[in-house]
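A quick write-up on the structure given underneath.
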Amino acid sequence: MATKNEILDLRKKILDDEYSHLNKEQREAVFSNDGPLLILAGAGSGKTTAVISKIGYLIRYGNTYNSTQSDATDDDKAYLEECLKDKTKRTEQRYLKLMASDPINAYNLLAITFTNKAAGEMRERLEKQYNISGDKLWALTFHSLCVRILRRFADRIGFQSNFTIYDDTDSHKLIDSIIKKHHLSENYNAKVVSRIISAAKCKYVSAGEYVHEGRDLQQVPMIYKEYQAELKNANAFDFDDLIFMTVRLLSSNEEVRKTINNRFQYVLVDEYQDTNPLQYRLVSLLAPTGKICVVGDDDQSIYRFMGASIENILSFERQFTDAKVVRLEQNYRSTQTILDAANAVIANNEGRKGKRLWTDQGPGHNITVNQLNTQSEEGEYICRSIMSGKGTHGFKNNDFCILYRTNAQSNSIEHSLRMNGIPYRVFGGQPFFKRKEIQDVLAYLNVICNPYDRTRLLRIINEPKRGIGDTTLDKISGICESTGAHFFDVIANAAAYPELQRSSEKLMDFARTIKMLSDKSKVVTPSQLFTELLATVRFEQALRSQYDLTEAISRIENVHELQNNILEYEKNAEEPTLLGYLEQTALVSAVDNLDENEPAVTLMTMHCAKGLEFDVVFLIGFEEGLFPSAMSVNEPGGLEEERRLCYVAITRARKQLFITSVRSRMLYGTPRPAIPSRFLKEIPPELITEVHHIQQEIQPPVRRSKPMHERALLTNAVTVIPKSKDTKTSYRAGQKVKHKVFGEGVLVSVTEMSSDSLLEVDFATAGKKKLMANFAKLMIIE
DNA sequence: GGACACTGTTTTTTT
DNA sequence: AACAGTGTCC
């Protein structure tokens, strides 16, 4: 009889061999499945590889590594010894029978990620490396997971499964209407109230339980209660409620909880440092037996403002008994210089789990630091650096990434990139979906799915104009108030209410349109319905009559772009539905659309960049008041959060890091003096090469008598920029340019004006147009 | 009901 | 500088 230890030892050797592509710590993370596990994964430490391997392992072997049961014979032992030497044997039934202990079905695994992109990548890699079908295993974000659960069990908490999702704009609108109704506009701001309510929800404090502190805003509990009543009446959830109500559902309904727990036998949570107490509750409900692995990095917790609690990861070991912690500190991404800088900066924080990144790659390039006078110089400097990086190091456009603290900073950089003909993509801000015409069409689609969605119904009931004014709407609200009827039902039966006599035809006509489209939506594809909708409400005609030709064209283009977006969705979704599409538009994150292969420089906020990596990273606007932000420095813990953000930003870079600041920054349209960020001083000086941006015109041949150090300075400078006379001279007649709406065209003439240039462009499709250079945002193609 | 001018506010980060 | 919200007039 082979002893238990002999067999265990043999198994360990085989598994170490099979997972030899991982380092020791990663293997430990893969093999530790006895109880709750926390993987403390530093930036770039191969965490995704470890997680993918772990899932593969759980599905193939279950919990072999630590399995104590063993009744193997000597013959089994000899067989395993053969398997150790001969890999091909490891597909045999007997091998698996000896090695596996409670393997988990992919169907019974749940992986929660931070973005849909991360979830998609996980599914892809599992499919490719372990042949695990992506639709069997649920890899989702917190929000999309909750939508799935709620769609199935909505009736248990008094909702219908065709519920719609309110984004921030929608909830602000709703809260604002409640504030107005109670004549509280003087002292109550929808945004502020919405934040308070959201913060309460993130701590799982319901409207009934909420107790307001402080002397101001005493009416918040009342608004909170009404807001929840309105949401329920509208059959809608806001972002927080998606999770809140799922928690409520699981904790109050044993049958549902059993169904869910039966399905999910092992739960993985990524980016655990960014979860909030509400999400913690959800996680504990999903993994009551401690079959759970969370992955995170306390140093990368940057979403406190969204209610994320760094406490979740810091106290994981207390919250989940017998938890094990594995640290991944070897970095496979960056040079030692970049890691040293990151380590040095984050070392200034207190209350960390503690961790030090290292790599066996060399030191690489020093970090390049430059202080410029203005934002346009900053932009120009970056463009020059990109161009020289492409020339001397052979980098491609998509190897570069520009990161900033606030979205507003993208403007000036975009301008420089356009002027230099460098293709780029901006992420975040999501201006497209915020456009009025897009919001309007989406509101229609939401109402078609869920006619009780009152906020969106109000948005479109008179858009395009159909003669239904405020007076009528007030009357309808009054009827709803006194009878408890739904807004839509009142409209649909307008003739039954004498006070609505004058507009009853218009109202009922509108309701019939919605009803008709709603019926249709059950039999046609989302894109077909979209076409039908535009035709029925004569949307394009309305845009044409409302705006002048150029603007109408641009808005119609946007609507068509939305149609493409729907088609794209239909192509990718396994089971495309209108509700599914709307869900996606509500829950997409900025980076979900990032295509690493698109040949363009990437622009985004440091927050957005979490989880991404680029060869060359530019961190811009390193100035006091901007980064760290002025608001954060007075807040307890605010500075440490900014520093973590700085750590995240630095560790995005693989090979080269550039950091810039300016002396004069525009704020609210006026220039303000700025001094370099304190974070720059936290980077050890020996890691930094300071580049001095040279202000003079390029001088013809350097004079012999020039002192050596000044010459060195000149050659050291990555760029020598002619004094920025004005960037508009970059436009020349004959250039090929591209406009976001009009497409490609040729520049016919350039007329200099006081602060701008008038451009005449002959577009291939749209014909000749006159545009202002600063406004048109043209991209120079050649 | 809509067009227009004027005012005040905004910039921290987002599922 | 850009934009949303408000007020005024038609």
Side-chain angles (χ1 to χ4, degrees), chain A residues 112-119 140-147 165-169 171-173 176 180 185 189-191 195 198 201-202 237-244 271 274-276 278-279 301-308 375 403-412 415 427-431 433-436 462-463 465-473 545-548 583-592 604-610 621 625-633 635 638 641-642 644-646 648-649 665-672 755-756 774-775:
Chain A
I112 304 175
T113 57
F114 199 69
T115 63
N116 295 297
K117 183 176 190 284
L140 301 162
T141 64
F142 270 106
H143 290 87
S144 37
L145 165 72
C146 289
V147 170
I165 301 164
Y166 276 17
D167 67 15
D168 277 356
T169 325
S171 20
H172 286 163
K173 258 194 171 152
D176 198 46
K180 286 216 172 88
S185 301
N189 171 291
K191 251 187 182 161
R195 292 214 127 190
S198 172
K201 286 179 178 175
C202 286
F237 295 97
D238 68 15
F239 284 148
D240 299 318
D241 274 352
L242 288 175
I243 299 172
F244 190 104
E271 308 285 8
D274 287 319
T275 54
N276 61 37
L278 179 62
Q279 288 163 329
S301 167
I302 52 172
Y303 284 101
R304 205 178 55 139
F305 71 96
M306 272 173 82
Q375 283 158 91
L403 298 178
Y404 34 78
R405 180 65 179 83
T406 68
N407 278 304
Q409 286 167 262
S410 78
N411 257 337
S412 69
H415 186 251
F427 291 90
Q430 288 215 323
F433 283 97
K434 288 252 145 50
R435 295 213 165 96
K436 185 183 180 303
N462 200 28
E463 188 69 54
K465 304 284 169 268
R466 45 175 78 85
I468 301 172
D470 289 345
T471 333
T472 307
L473 296 178
S545 66
Q546 229 174 107
Y547 302 100
D548 66 55
E583 210 168 287
Q584 201 208 38
T585 59
L587 301 178
V588 281
S589 71
V591 288
D592 286 344
M604 58 172 77
T605 63
M606 299 176 192
H607 279 91
C608 270
K610 193 177 68 162
L626 185 61
F627 189 47
S629 114
M631 311 190 105
S632 71
V633 289
E635 235 175 288
E641 171 121 337
E642 295 284 300
R644 289 193 291 271
L645 185 58
C646 184
V648 169
R665 174 148 312 259
M666 289 293 241
L667 189 70
Y668 307 138
T670 44
R672 277 183 38 169
S755 63
D756 204 348
N774 287 340
F775 180 74

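Below, read A as the first sequence line, B as the second, and so on, with proteins coming before strands; counting in each chain starts at 1. All values derive from a computational prediction rather than experimental measurement.
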Original post:
Closer to the 5' end of DNA chain B via nearest nucleotide, is it A/His143 or A/Ala630?
Top reply: A/Ala630

Subject >> Residue met sooner reading DNA chain B from 5', once A/Gly467 and A/Asn116 are mapped to nucleotides >> reply: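 Checking each residue's closest nucleotide, the 5'-ward one belongs to A/Gly467.
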
Any [X] side-chain N or O less than 4.0 Å from OP1/OP2 of [N]:
{"X": "A/Thr605", "N": "B/dT14", "value": "yes"}
{"X": "A/Lys191", "N": "B/dT11", "value": "yes"}
{"X": "A/Asn407", "N": "B/dT14", "value": "yes"}
{"X": "A/Ser589", "N": "B/dT14", "value": "no"}

Reckon [X] touches a base, only the sugar-phosphate, or nothing at all at heavy-atom distances under 4.0 Å?
{"X": "A/Arg672", "result": "nothing"}
{"X": "A/Gln409", "result": "nothing"}
{"X": "A/Tyr303", "result": "sugar-phosphate"}
{"X": "A/Ile468", "result": "sugar-phosphate"}
{"X": "A/Lys436", "result": "nothing"}
{"X": "A/Glu635", "result": "base"}
{"X": "A/Asp240", "result": "nothing"}

Interatomic distance, [X] [atom1] vs [N] [atom2] [rounded to whole Å]:
{"X": "A/Ile302", "N": "B/dT14", "atom1": "CD1", "atom2": "P", "result": "9 Å"}
{"X": "A/Lys201", "N": "B/dT15", "atom1": "NZ", "atom2": "P", "result": "18 Å"}
{"X": "A/Asp592", "N": "B/dT14", "atom1": "CG", "atom2": "P", "result": "13 Å"}
{"X": "A/Asn276", "N": "B/dT13", "atom1": "CG", "atom2": "C1'", "result": "16 Å"}

**OP:** Give, for atom CG of A/Leu242 and atom OH of A/Tyr166, the distance between the pair rounded to the nearest 0.5 Å.
**Re:**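 A/Leu242 CG to A/Tyr166 OH: 13.0 Å, rounded to 0.5 Å.
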
Subject >> Distance in Å, A/His172 NE2 paired with A/Asp167 CG, rounded so as to fall on 0.5 Å steps >> reply: 9.0 Å

Closest contact, heavy atoms only, [X] versus [Y]:
{"X": "A/Ser171", "Y": "A/Asp238", "result": "OG-CB, 4.5 Å"}
{"X": "A/Phe114", "Y": "A/Asp274", "result": "CE1-CB, 3.9 Å"}
{"X": "A/Tyr404", "Y": "A/Phe427", "result": "OH-O, 4.5 Å"}

Subject >> B/dT13 and C/dA4, which share atom name P, separated by this distance in whole Å >> reply: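 Rounded to whole Å, the distance is 16 Å.
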
Original post:
Does A/Val633 offer a backbone N or O that forms a donor-acceptor pair with the side chain of A/Glu642 under 3.5 Å?
Top reply: no

Subject >> Side chain of A/Arg195 (C-beta onward), nearest among B/dT11, B/dG2, B/dT13 >> reply: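 That would be B/dT13.
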
Subject >> Among B/dT13, B/dT15, B/dT11, the one nearest A/Met631 by side-chain distance >> reply: B/dT11

**OP:** Return the stacking result for B/dT10 and A/Tyr668: yes when the ring centres lie under 5.5 Å apart and the planes under 30°, no otherwise.
**Re:**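 Yes; by the centre-distance and plane-angle rule, A/Tyr668 counts as stacking on B/dT10.
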
